[in-house]
Amino acid sequence: MDARNRTVELIERMARAVANEGHAHGLKPAQWDALRYLSRANRFSRTPGALTAYLGSTKGTVSQTVMSLERVGLVEKAANPGDRRSVRLAVTPAGWAMLEKDEIETLRHAVDELSNETRQGLEAGLEALLGKRIAAGGGKPFGMCRTCRHFAGDSDGPGRHFCRLLRQPLADAEAGQICYEQEAA
């Protein structure tokens, strides 16, 4: 087997292992993916549309996923103060408690056991591969707010951040969250 096929086989097998863990605690993999995304997304990116783009799913699939998470009290919808036609999604306290049981921790522990050199190489390779895959599909990169060209940090002192695109102040925690609008600096 050539190196290219071996690499693809390993990625496929890892994806399957993670997906299989996604059936834990009564949730389906898509529900875990949605819950994880919402826990890491900034307030501008916790919408059904952004979730759809991030997951690469259809609106119908995401709608059903959100409704199921809402039904069991893990996610709640609220009117979007900036646009009354849309809603924002939020992880509830029960959702945060569920995330503490997330089986993805098994993978995090395995990553922790890698050497810094191996982890950094893996991260760089996966980032490049994901970037090419997203670009080929016409998707959005969803990077961290702090690395966006629209991010203005520490403009009025430590901990004072601003999104120039949305013309909104950002909390310190939001600077480290993922954003639908992110464009690499």
Side-chain angles (χ1 to χ4, degrees), residues 15-16 18-105 107 126-127 129-151 161-184:
R16 194 171 36 256
V18 170
N20 286 340
E21 290 175 349
H23 291 280
H25 306 290
L27 296 183
K28 296 177 181 169
Q31 294 167 326
W32 276 112
D33 290 343
L35 203 54
R36 287 180 195 128
Y37 168 79
L38 293 171
S39 75
R40 296 188 324 256
N42 68 16
R43 64 187 147 122
F44 310 110
S45 304
R46 290 189 298 256
T47 65
L51 180 59
T52 299
Y54 185 82
L55 296 178
S57 292
T58 64
K59 289 179 184 180
T61 298
V62 168
S63 178
Q64 291 299 314
T65 299
V66 169
M67 283 192 310
S68 66
L69 290 171
E70 198 176 16
R71 245 188 329 272
V72 295
L74 302 178
V75 168
E76 63 188 6
K77 290 180 187 172
N80 186 342
D83 181 358
R84 293 220 157 141
R85 297 168 296 162
S86 67
V87 296
R88 285 204 179 145
L89 305 170
V91 177
T92 64
W96 287 107
M98 181 65 81
L99 282 162
E100 290 179 15
K101 302 175 194 174
D102 191 352
E103 297 294 323
I104 200 102
E105 285 303 315
L107 182 57
L126 289 171
E127 218 169 59
L129 184 60
L130 181 60
K132 289 185 180 303
R133 178 65 184 92
I134 289 170
K140 293 183 73 75
F142 281 87
M144 189 185 313
C145 188
R146 185 180 306 279
T147 63
C148 180
R149 71 183 191 94
H150 302 294
F151 178 78
H161 311 297
F162 191 79
C163 176
R164 291 186 295 251
L165 176 69
L166 302 174
R167 297 188 179 112
Q168 294 286 320
L170 300 167
D172 215 29
E174 288 179 304
Q177 293 176 323
I178 56 177
C179 183
Y180 176 75
E181 302 290 351
Q182 199 267 6
E183 294 177 31

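In this text, all values refer to a predicted model and were calculated from it rather than measured experimentally. Hydrogens, waters and symmetry mates play no part in the numbers below; they use all other heavy atoms, side chains included.
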Identify the heavy atoms of Asp172 and Arg146 that sit nearest to each other, and give their distance. O-NH2, 4.2 Å
Rounded to the nearest 0.5 Å, the CG atom of Leu27 sits from the CG atom of Leu74 at a distance of 6.0 Å
Taking C-beta and beyond as the side chain, do Leu55 and Thr61 meet within less than 4.5 Å on heavy atoms? no
Does the side-chain contact (heavy atoms from CB on, under 4.5 Å) test come out yes or no for Arg167 and Phe162, once each step is laid out? CA-CA 7 Å; Arg167 297 188 179 112; Phe162 191 79; 4.2 Å; yes
Donor-acceptor contact present, side-chain Ser57 to main-chain Val62, <3.5 Å: no
Donor-acceptor check, side chain of Thr52 to backbone of Lys59, threshold 3.5 angstrom: yes or no? no
Of all residues at least two apart in sequence or in a different chain, which pass the salt bridge (Lys or Arg N to Asp or Glu O under 4.0 Å) check with Glu183? Arg149
Go through Arg88 and Phe44 one step at a time and tell me if the side-chain contact (heavy atoms from CB on, under 4.5 Å) criterion holds. CA-CA 8 Å; Arg88 285 204 179 145; Phe44 310 110; 4.1 Å; yes
Output yes when a side-chain donor or acceptor of His25 lies under 3.5 Å from a complementary backbone atom of Lys101, and no otherwise. yes
Main-chain N/O of Lys28 paired to Gln31 side chain as donor or acceptor, under 3.5 Å: yes
Hey, could you give me the CG/CG distance between Leu69 and Leu89, rounded to the nearest 0.5 Å? 9.5 Å
Residues Ser45 and Ala50: closest non-hydrogen pair is O-CB, 3.2 Å
Measure the spacing between OG1 of Thr147 and CZ of Phe151 and express it to the nearest 0.5 Å. 9.5 Å
Tell me, do Met144 and Gln182 make a side-chain contact under 4.5 Å, heavy atoms counted? no
Can you name the nearest heavy-atom pair linking Ser39 to Val91, along with the distance? N-CG2, 4.0 Å
I'd like a table of donor-acceptor pairs (distance under 3.5 Å, sequence neighbours excluded) in which one partner is a side-chain atom from residues 174-181, with atom names and distances.
residue : atom : partner : partner atom : Å
Glu174  : OE1  : Arg43   : NE           : 3.3
Glu174  : OE1  : Arg43   : NH2          : 3.4
Glu174  : OE1  : Ala171  : N            : 2.8
Glu174  : OE2  : Arg43   : NE           : 2.5

Approximate separation, where rounding is to 0.5 Å, of Thr58 OG1 and Gln64 CD: 9.5 Å
Okay, side chain of Arg46, backbone of Ala90: is any donor-acceptor separation there less than 3.5 Å? no
Please lay out, stage by stage, how Arg40 and Tyr54 fare under the test side-chain hydrogen bond (donor to acceptor under 3.5 Å, both in side chains). CA-CA 12 Å; Arg40 296 188 324 256; Tyr54 185 82; 2.8 Å; yes
Any donor-acceptor pair under 3.5 Å linking the side-chain atoms of Thr65 with those of Ser68? no
Output for pair (Leu38 CG, Glu76 CD), nearest 0.5 Å, gives 11.0 Å
Less than 4.5 Å apart, side chain to side chain, heavy atoms only: is that true for Thr47 and Val87? no
As an exercise, state the distance from CG of Leu129 to CD1 of Ile134, rounded to the nearest 0.5 Å. 10.0 Å
